[in-house]
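Model, not experiment: these values are computed from the prediction.
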Amino acid sequence: MRLPSENIQSQLPGLFGSIYTVVRRIPPGRVTTYGSIARHVGCTARTVGFAMAALPSELDVPWQRVINSQGKVSPRRNDDGDIIQRQLLKAEGVFFDPQGRIDLVRYGWDPGMAESG
DNA sequence: TTGTTGACTCTGA
DNA sequence: CTCAGAGCCAACA
């Protein structure tokens with residue numbers, strides 16, 4: 001038996017589990033793109049987006065730190081999750097441009113880089 | 001098995 | 001900057 005909330009992502013099978021694990025490594029106040037995660041786990045950006053949409057609410061995954069390559073929050077289809085996403089990011093100290101865009105040069109984080117920076 | 005859909009990304013105009 | 005179109009892969013009926 002194992003403690004919950006620490007290894008749940010790792011228990012998930014294959015691709016989705018890998019995606020969730022990467023997302024969980026994103027430091028607070030930082031963001032990354034679907035494409036970066038996709039390249040890291042070896043799939044396409046669409047698949048990462050699909051994994052986010054299929055993300056179980058029980059998992060403690062900072063999904064709000066995943067945005068698109070334009071540096072903006074991707075709009076949802078039937079949900080206002082994008083609104084919540086912006087609020088969560090602002091709460092972490094992420095600055096939004098007047099156009100609702102995030103400076104990836106400043107706040108961007110890549111799965112390949114050290115978590116220290 | 002095929003056809004459709006989706007929290008994407010790139011290229012061209 | 002915006003708008004369209006094509007490519008991409010996984011899940012579902």
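- Spacing between B:dA7 and C:dA13 at atom C1', rounded to whole Å, works out to 22 Å.
- B:dC8 atom P lies 10 Å from atom CD of A:Gln85, rounded to whole Å.
- Here A:Ser74 reaches the OP1 or OP2 of B:dC8: one of its side-chain N or O atoms lies under 4.0 Å away.
- Atom CD of A:Gln70 and atom C1' of C:dA4 are 13 Å apart (whole Å).
- Between A:Thr33 and B:dC8 there is no side-chain polar atom (N or O) within less than 4.0 angstrom of OP1 or OP2.
- Nucleotide C:dC9 holds its P atom 12 Å from the CG atom of A:Leu15, rounded to whole Å.
- For the pair A:Phe95 and A:Ile102, the minimum side-chain heavy-atom distance is 4.5 Å or more.
- Rounded to whole Å, the distance from CZ on A:Arg39 to P on B:dC8 is 15 Å.
- The CG-P distance, from A:Leu55 to C:dA10, rounds to 18 Å in whole Å.
- In this structure, A:His40 places its NE2 atom 19 Å from C1' of B:dC8, rounding to the nearest Å.
- Rounded to whole Å, the distance from CG on A:Leu89 to C1' on B:dA7 is 13 Å.
- Of the candidates C:dC9, B:dT9, B:dA7, C:dC9 carries the atom nearest the A:Thr47 side chain, counting heavy atoms from C-beta on.
- A:Ile83 and A:Met52 are members of different hydrophobic clusters when ILVMFWY side chains are connected at heavy-atom separations under 4.5 Å.
- With DNA chain C read from its 5' end, the first of the two nearest nucleotides for A:Phe50 and A:Arg46 is the one closest to A:Arg46.
- Looking only at atom types and distance, the side chain of A:Glu92 has a donor-acceptor partner in the side chain of A:Gln64 under 3.5 Å away.
- Atom pair A:Asp80:CG and B:dA7:C1' shows a separation of 13 Å (rounding to whole Å applied).
- No path of Ile, Leu, Val, Met, Phe, Trp and Tyr side chains, each step under 4.5 Å between heavy atoms, connects A:Ile26 with A:Phe96, placing them in separate hydrophobic clusters.
- Closest to the side chain of A:Thr44, from the set B:dT9, C:dC8, B:dA7, is C:dC8.
- When only modelled atom types and interatomic distance are considered, A:Thr21 and A:Ser18 share no side-chain donor-acceptor pair under 3.5 Å.
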